[in-house]
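Worksheet: one structure, shown below.
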Amino acid sequence: MDRIGARELRNNVAAVVRRAGGGERVIVTVDGEPVAQLGPLEPTGQPTIDDLAAAGLVRLPGRADHPPAPEPFGVPVDIRLPDVIAELRGEPG
């Protein structure tokens with residue numbers, strides 16, 4: 001399934017309608033949000049998340065990016081657990 005912006009659809013409406021008539025579903029977006037769908041008259045298969053978003057039944061996530069992974073940090077390998085517990089409790093080592 002392809003996505004197309006409203007401006008691009010306006011410029012290529014005949015080609016997009018031919019694609020839809022051939023069985024392909026095309027999601028029309030405005031400012032990146034799906035708002036409509038062009039496709040064959042008889043739907044085939046299960047609806048996709050884009051279909052549900054175009055129907056207003058679900059909202060797509062607001063962020064397309066993901067936060068960066070945390071920086072790895074060095075963990076000492078020569079420390080024993082009883083020593084860590086004693087330090088947390090404030091006991092003398």
Side-chain angles (χ1 to χ4, degrees):
M1 181 175 340
D2 196 18
R3 288 177 174 231
I4 188 169
R7 182 176 297 149
E8 186 179 348
L9 173 63
R10 184 177 57 230
N11 294 336
N12 301 308
V13 69
V16 175
V17 169
R18 276 194 298 275
R19 286 171 47 195
E24 184 178 348
R25 291 188 297 171
V26 180
I27 301 295
V28 180
T29 62
V30 174
D31 295 328
E33 293 292 320
V35 295
Q37 171 180 276
L38 292 176
L41 291 177
E42 296 297 322
T44 58
Q46 296 293 322
T48 65
I49 191 72
D50 288 326
D51 296 334
L52 298 174
L57 299 174
V58 298
R59 287 183 47 203
L60 296 176
R63 291 178 48 180
D65 63 330
H66 298 284
E71 291 292 323
F73 59 93
V75 178
V77 293
D78 60 344
I79 295 180
R80 297 180 15 189
L81 184 57
D83 296 336
V84 172
I85 293 173
E87 182 179 335
L88 290 172
R89 291 180 177 162
E91 298 172 356

Fellow cluster residues of Ile49, listed by chain then number, with links counted only when side-chain atoms sit under 4.5 Å apart: Leu52, Leu57, Val58, Leu60
Nearest 0.5 Å, please: how far is CG in Asp2 from CD in Glu8? 8.0 Å
Partner set under side-chain contact (heavy atoms from CB on, under 4.5 Å) for Val17, not counting sequence neighbours: Val13
Taking every heavy atom of Pro34 against every heavy atom of Ile27, the minimum-distance pair comes out as CB-CG2, 3.5 Å
Any heavy-atom pair between the side chains of Ile4 and Leu38 that's under 4.5 Å? no
Of all heavy-atom pairs linking Gly32 and Arg3, the shortest is O-NH1, 3.9 Å
All heavy atoms of Arg25 vs all of Gln46, minimum pair found to be NH2-O, 4.3 Å
Here the pair of heavy atoms bringing Val30 nearest to Ala6 is CG2-CB, 4.1 Å
Contacts under 3.5 angstrom, residues 77-87 side chains, donor-acceptor by atom type, not counting sequence neighbours:
none

